[in-house]
Amino acid sequence: MLELAFSARDLAHTRLAFSPLWEVVTSHRLLTRRTVSPLHRRWAAQARTELAAAGLGTGLLADLIPVHGYLPDFLNPPPGTATPSAQPEQALEAELAVVAWTSPERVRADLARLAVWTPRVRAFHQAPAAVLPQLLDEVRGYWQAALAPHWTRLRTVLEGDVLHQSRRFAAEGSAGVLRGLHSSVEWCGEKLTLPVSCCGTSGSLAGRGLLLVPSAFVGPTTTMMVNRPSEVVQLCYPSRGVALLWEQGPAQVPEAVAAVLGRSRALLLAELAAPASTTELSHRTGMSAGGVSQHLTALRAAGIVASQRLGRSVLYQRTQLADSLLAAAG
């Protein structure tokens, strides 16, 4: 059981971000498990095939990300923004640039905490500056094979979680967000308790604040934490909307709602079980982007959907009125 002690300054500095590099780490750990949840099984089968074809998945990166327990903190520097660039490779490269500047002393200190040392880890410990570029190339290869083809879907889910939590920040404050973050996380007084977590240590946030990082691949019963002196503490938790991530079929449209709003607008409401952009909705429904935009404008004017800009994206989500309408029709 881990405990993080908050001050008023820490609560004020609690924020949200999502990260391509965090998705690399969490998805790689998921792939190393003997059994993968049905939710990710199809993706895992495809990713393993692609990684095997590229000769990846069994190198140094695999040695650094064990199935359980500690993994080197330098692999996950704090993301600098809540909405990575529309070009995922740029966002990944920005994070890898931070990793590339990791000092040899920091690398060795993190490697010393690993439970298992392989010959590759020993070589890395002996010559961090020489091996680090090779590790970064391995991360790039893993990204291209396992995650890049799916980043649009993944980003939509992660942006949706950031949007949801941002609204909770506005309505309930930091404490409200922390209380409802995850079933394994408890907020009491000025302490956050994590009964199930890995990679982190208990202690005070010391005014550094907390960075909340949603991930599509961590959980559903665990969280991950990075807690290094002088750096913001990062808590990686299961993102909302993951259950919809790999859905293939169209959403079910309640006939009663379609009779009132029209089938196209009812379909858009059904598809907004998780927040989405106009482009994503156009892709999923087959409607033109202009048609989707017109329907969403009308639904927003009626108070049935709401929108919020996150970086370059505008995400739409159902309001409570829409949820009540769909629930009554169901």
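Both backbone and side-chain heavy atoms feed into the values below; hydrogens, waters and symmetry mates do not.
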Can you find a side-chain donor-acceptor pair between Thr14 and Ser174 that sits under 3.5 Å?
no
Counting N and O atoms only, with roles assigned by atom type, does the side chain of Arg42 sit under 3.5 Å from a partner on the main chain of Trp246, one being a donor and the other an acceptor?
yes
For the CD1 atom of Ile304 and the CD atom of Gln320, what is their distance to the nearest 0.5 Å?
14.0 Å
For the backbone of Val177 and the side chain of Trp187, can you confirm whether one donor and one acceptor N or O come within less than 3.5 Å of each other?
no
Considering only NZ, NE, NH1 and NH2 on the basic side and carboxylate oxygens on the acidic side, decide whether Glu231 and Arg106 come within less than 4.0 Å.
yes
Using 0.5 Å steps for rounding, measure from the CZ atom of Arg155 to the CD atom of Glu23.
13.0 Å
Between Asp73 and Arg113, is there a side-chain N and carboxylate O pair less than 4.0 Å apart?
yes
Is there a side-chain contact between Glu50 and Pro149 (heavy atoms, below 4.5 Å)?
no
Verdict with reasoning, Glu93 to Arg140, per salt bridge (Lys or Arg N to Asp or Glu O under 4.0 Å):
CA-CA 9 Å; Glu93 286 300 324; Arg140 293 184 183 98; 2.7 Å; yes
Taking Arg318 for its side chain and Leu269 for its backbone only, find out whether a donor-acceptor pair lies under 3.5 Å.
yes
Does a side-chain heavy-atom distance below 4.5 Å link Val121 with Leu114?
yes
Short side-chain donor-acceptor distance under 3.5 Å, Arg108 and His125:
no
Electrostatic pair Arg263-Glu255, nearest N-O below 4.0 angstrom
yes
Would you compute the distance between atom CG of Leu281 and atom CE of Met287 and round it to the nearest 0.5 angstrom?
8.5 Å
Backbone N or O of Leu111 within a donor-acceptor pair of the Trp117 side chain at under 3.5 Å?
yes
Quick check: do Leu60 and Gln134 have side-chain heavy atoms less than 4.5 Å from each other?
no
Ring-plane angle category for Phe74 and Phe124, please: parallel below 30°, perpendicular beyond 60°, tilted otherwise.
perpendicular
Can you give me the closest heavy-atom contact between Val99 and Leu75, atom names plus distance?
CG2-O, 4.3 Å
So, taking the atom named CG in Leu16 and the one named NE2 in His164, what distance separates them when rounded to the nearest 0.5 Å?
10.5 Å
Judged by modelled atom types alone, do Glu95 and Ser19 share a side-chain donor-acceptor pair under 3.5 Å?
yes
Any link between Phe18 and Val98 through a network of hydrophobic side chains (Ile, Leu, Val, Met, Phe, Trp, Tyr) touching at under 4.5 Å?
no
Looking at every heavy atom in both Arg29 and Gly69, which two are closest together, and how far apart are they?
NH2-O, 2.8 Å
Please report the closest heavy-atom contact between Ala266 and Val253, naming both atoms and the distance.
CB-CG1, 3.5 Å
Side chain to side chain contact (heavy atoms under 4.5 Å, CB included) with Ser27: of Ile65, Leu147, Val218, only one passes, and it is Leu147
Min side-chain heavy-atom separation Leu21-Val139 under 4.5 Å:
yes
Given Trp22 and Phe217, is the ring-ring contact (aromatic ring centres under 6.0 Å, His included) satisfied, shown in steps?
CA-CA 9 Å; Trp22 263 110; Phe217 297 100; over 10 Å; no
Taking Ser293 for the side chain and Ala289 for the main chain, is one N or O donor matched with an acceptor at less than 3.5 Å?
no
Can any side-chain N or O of Arg300 pair as donor or acceptor with the backbone N or O of Val305 at less than 3.5 Å?
no
Can you confirm whether Arg9 is buried at CZ, in the sense that more than 12 heavy atoms of other residues, nucleotides or ligands lie under 6.0 Å from that atom?
no
How long is the straight-line distance from CG of Leu31 back to OH of Tyr142, given to the nearest 0.5 Å?
4.5 Å
Apply the test side-chain hydrogen bond (donor to acceptor under 3.5 Å, both in side chains) to residues Ser215 and Thr26: give CA-CA distance (whole Å), side-chain angles for both, the deciding distance (0.1 Å), then the verdict.
CA-CA 7 Å; Ser215 172; Thr26 55; 2.9 Å; yes
Separation between CZ of Arg208 and CG of Leu4, rounded to the nearest 0.5 Å
9.0 Å
Do Arg240 and Asp161 sit within salt-bridge range, that is, some charged N less than 4.0 Å from a carboxylate O?
no
Please report the closest heavy-atom contact between Gly209 and Asp10, naming both atoms and the distance.
N-OD1, 3.0 Å
Report yes or no: does Thr156 contribute a side-chain atom to a donor-acceptor pair with the main-chain N or O of Thr152 at less than 3.5 Å?
yes
Would you confirm whether Gln317, through its side chain, and Ala306, through its main-chain N or O, come within 3.5 Å as a donor-acceptor pair?
no
Going through the checks in order, is the side chain to side chain contact (heavy atoms under 4.5 Å, CB included) test met by Leu296 and Val292?
CA-CA 6 Å; Leu296 290 174; Val292 170; 3.6 Å; yes
Looking at every non-hydrogen atom in both residues, tell me the closest pair between Gly303 and Thr319 and how far apart they are.
O-OG1, 2.7 Å
His150 (side chain) donor-acceptor with Trp43 (main chain) under 3.5 angstrom:
no
The test is side chain to side chain contact (heavy atoms under 4.5 Å, CB included); show your working for Phe6 and Ser204 and say whether it passes.
CA-CA 6 Å; Phe6 281 70; Ser204 169; over 6 Å; no
Can you give me the closest heavy-atom contact between Leu211 and Ala17, atom names plus distance?
CD1-CB, 3.8 Å
